[in-house]
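Below is one structure, written out as structure tokens; the observations come after it.
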Amino acid sequence: MCGPTVSGESHLGHARPYITFDVIYRYLMHLGYKVRYVRNITDAGHFEEEGREAEDKISKKAILEKLEPMELVQKYTNLFHWAMEQFNTISPTIEPTATGHIVEQIGMIQKIIEAGYGYEVNGSVYFDVKKYAASHDYGKLSGRVIDDLLETTRELEGQEEKRDRADFALWKNAAPEHIMRWQSPWGEGFPGWHIECSAMATKYLGAQFDIHGGGMDLLFPHHESEIAQSTICNHTAPVRYWIHNNMITINGRKMGKSYNNVIKLTELFSGDHPLLEKGVHPMTVRFFILQTHYRSTLDFSNDALVAAEKGLKRLWDAFDNLKKIQGESYPADAANDAALTEKVQKLLAELPEYMNDDFGTARVLANLFELVPVINGAKDKNFPVGSLPQALWSEMAATFQTWLVDILGFRSVTEADHAKLQGVMQLLIDIRKEAKGRKDFALSDKIRNQLTALGISLKDEKGGEMSWTIE
RNA sequence: GGUCCUGUGGCCGAGUGGCUAGGCAGAGCUCUGCAAAAGCUCGUACAGCGGUUCGAAUCCGCUCGGGACCUCCA
């Protein structure tokens with residue numbers, strides 16, 4: 001899939017494709033597929049903005065920050081990896097960089113020229129879209145009509161080198177002030193935006209591969225152009241299935257630099273942003289994203305994030321409760337509730353169906369939520385554990401582990417798993433039980449209240465047991 | 001202007017032509033030394049107007065609203 005451009009910090013919008021594809025990656029492996037997950041790093045500043053001078057974002061930013069371009073690239077790459085770790089995403093199997101594949105890109109451009117679909121002008125090379133469109137369907141992915149593209153009357157500067165407005169750059173001649181530049185058959189320059197993906201995908205995945213992902217905003221022209229380039233070079237359509245995630249919006253508008261509504265991931269986690277009421281945990285973001293189908297837009301708001309935070313906690317607490325039930329002994333005189341058993345079995349059986357239907361993570365989560373009252377009800381002794389067959393309890397526990405942890409990729413939000421803390425908490429619980437036993441409510445309340453002040457809530461349960469969670 | 005997507009109860013959101021999505025918030029009840037959880041119950045929503053159909057939030061048309069792409073963009 002298309003990875004990040006490391007010319008700046010990632011923002012909330014960037015989180016969506018990586019979390020979405022992390023789940024897809026996890027699910028494919030869960031199904032037993034051997035997956036090669038390639039996600040490139042765009043670290044060459046080859047950004048040509050139509051209508052303006054060809055601009056190199058990384059060079060520009062490097063001058064601004066008084067850094068070597070590669071220092072800048074390293075800084076933001078590290079930051080990106082850190083954020084991905086916060087989200088608990090699994091690293092791709094190959095993470096190639098654009099600058100590390102200049103040779104492959106040049107080779108591909110040469111092949112395109114030899115095939116007659118590329119032409120050189122003043123040290124730059126362009127792809128001949130018109131010629132390509134004569135024999136291929138340029139626009140089949142994005143639904144674009146080639147004639148519209150060719151006939152657009154809009155006049156833009158910096159276009160005079162191109163034979164046609166719809167043509168795109170494969171290689172750009174570097175102006176003297178350009179820092180990032182490479183030697184090529186056409187002089188010193190830098191690669192065009194679309195060619196890196198084609199070159200790296202071809203190298204690591206072959207002429208044709210199964211799935212290519214990215215944000216919907218890359219559909220045109222990026223992916224469309226990728227198809228054209230690769231098709232000419234490799235004589236086959238490069239991709240069997242395209243998966244595009246939709247955008248995250250703020251007040252109904254796409255999050256993006258040009259809209260000035262960006263929330264960087266560091267700001268999101270810390271809460272240090274005017275639009276944020278408080279910091280958001282990475283797992284909350286993950287849940288927030290997976291609660292919506294990846295092809296729908298997802299509207300950001302503080303309320304929605306709070307709802308996601310509480311929802312995830314409810315689900316995770318139920319998972320903990322489920323483990324506790326597992327630890328209890330199953331009654332010998334169990335009388336199964338047929339209706340409840342059937343309901344649970346149905347909810348479990350539907351999970352793979354939903355996931356197989358275009359990765360319906362939202363529906364998977366909804367089913368898991370429907371299991372929550374069953375789990376909590378049994379834990380609170382509202383009905384006997386024996387209402388469900390023992391094997392079904394095991395299956396539920398395994399299902400939560402598989403789906404919540406392995407496939408959807410959630411992990412504990414708190415430090416509650418630390419063994420030492422658990423020991424300390426057990427000690428406090430024992431003391432409080434003793435105090436309650438002799439009706440010393442002043443002491444028992446003190447323990448509970450002070451823990452609450454520390455952000456740990458202690459709950460009395462039926463039968464005199466106590467449980468605790470970190471808020 | 002062109003291409004396409006979309007409009008669901010207070011909020012976020014899923015969705016198949018006929019069956020309660022789910023989460024958050026809110027109300028009531030139960031449990032409880034108190035508290036917090038938890039459990040149970042509740043709103044009966046699908047922009048508007050037509051049409052197709054035995055039946056439509058789900059299909060078609062129109063109107064209105066929102067958005068994306070057509071320039072870098074996840």
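FYI, side chains are in, hydrogens and waters are out, and symmetry mates aren't considered; it's all heavy atoms of this structure. So you know, we letter chains A, B, ... as the sequences are listed, proteins then strands, and number each from 1.
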Find the distance [X]:[atom1] to [N]:[atom2] and express it as a whole number of Å.
X: A:K346; N: B:U20; atom1: NZ; atom2: P; value: 10 Å
X: A:E353; N: B:G15; atom1: CD; atom2: C1'; value: 14 Å
X: A:K459; N: B:A38; atom1: NZ; atom2: C1'; value: 9 Å
X: A:F21; N: B:A74; atom1: CZ; atom2: C1'; value: 10 Å
X: A:I429; N: B:A35; atom1: CD1; atom2: C1'; value: 16 Å
X: A:D320; N: B:A37; atom1: CG; atom2: C1'; value: 14 Å
X: A:F383; N: B:C31; atom1: CZ; atom2: C1'; value: 15 Å
X: A:N321; N: B:A37; atom1: CG; atom2: C1'; value: 10 Å

**Message:** Are A:W82 and A:F87, when compared by the centres of their aromatic rings, separated by less than 6.0 Å?
**Reply:** no
**Message:** Would you say the ring centers of A:H223 and A:H194 fall short of 6.0 Å from each other?
**Reply:**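 That pair fails the under 6.0 Å test.
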**Asked** Less than 5.5 Å between centroids and less than 30° between ring planes, does A:F441 satisfy that with B:G33?
**Response**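 Yes.
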Which part of the nucleic acid does [X] contact within heavy-atom distance under 4.0 Å: base, sugar-phosphate only, or nothing?
X: A:M255; result: base
X: A:Y259; result: sugar-phosphate
X: A:D299; result: sugar-phosphate
X: A:S457; result: nothing

**First of A:D357 and A:I248 reached from the 5' end of RNA chain B, by closest nucleotide** = A:D357
**Message:** Taking the nucleotide of RNA chain B with the nearest heavy atom to each, does A:G215 or A:L298 sit closer to the 5' end?
**Reply:**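 Closest to the 5' end, via its nearest nucleotide, is A:L298.
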**Asked** Between A:H136 and A:Y132, how do the two ring planes meet: parallel, tilted or perpendicular, split at 30° and 60°?
**Response**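 If you compare the ring of A:H136 with that of A:Y132, the planes turn out parallel.
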Could you run down the sub-3.5 Å N/O contacts of the protein with nucleotides 3-10 of chain B?
{"from": "B:U3", "atom 1": "O2'", "to": "A:G143", "atom 2": "O", "distance (Å)": "3.2"}

**Prompt:** Does any nucleotide pair with B:A27 by Watson-Crick or G-U wobble geometry, both distances under 3.5 Å, and what is it?
**Reply:**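 The base-pairing partner of B:A27, which may sit in any strand shown, is B:U41.
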**Message:** Suppose we call a contact any N or O donor and acceptor under 3.5 Å apart; does that hold for the side chain of A:R363 and the base of B:A21?
**Reply:**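 When only heavy-atom distances are counted, A:R363 does not reach the base of B:A21 through any donor-acceptor pair under 3.5 Å.
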**Request:** Examine the base of B:C34 for any acceptor or donor lying under 3.5 Å from a partner atom in the side chain of A:D460, and report the outcome as yes or no.
**Result:** yes
For [N], take OP1 and OP2 only and decide whether either is under 4.0 Å from a side-chain N or O of [X].
X: A:R165; N: B:U71; answer: yes
X: A:T297; N: B:A68; answer: no
X: A:N245; N: B:A74; answer: no

**Item:** With sequence neighbours excluded, residues passing side chain to side chain donor-acceptor pair (under 3.5 Å) with A:E328
**Value:** none
Check nucleotides 22-27 of chain B for protein N or O atoms closer than 3.5 Å to its own N or O atoms and list the pairs.
{"from": "B:A25", "atom 1": "OP1", "to": "A:K310", "atom 2": "NZ", "distance (Å)": "2.9"}

Assess [X] against [Y]: is NZ or CZ under 6.0 Å from the centre of the six-membered ring, and within 45 degrees of the ring's axis?
X: A:K257; Y: A:Y259; answer: no
X: A:R39; Y: A:Y18; answer: yes
X: A:R144; Y: A:F220; answer: yes

**Request:** Test A:T361 against A:Y294 for side chain to side chain contact (heavy atoms under 4.5 Å, CB included), laying out the working first.
**Result:** CA-CA 8 Å; A:T361 55; A:Y294 73 88; over 6 Å; no
**Message:** For A:K343, I'd like to know if atom NZ has over 12 heavy atoms of other residues, nucleotides or ligands within 6.0 Å.
**Reply:** no
**Request:** Please state the C1' separation for the pair B:G43 and B:G28 - nearest whole angstrom.
**Result:**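 Each nucleotide's C1' atom is 13 Å from the other's.
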**Prompt:** When you compare B:G15 with B:U32, how far apart are their C1' atoms, in angstrom units rounded to a whole number?
**Reply:** 40 Å
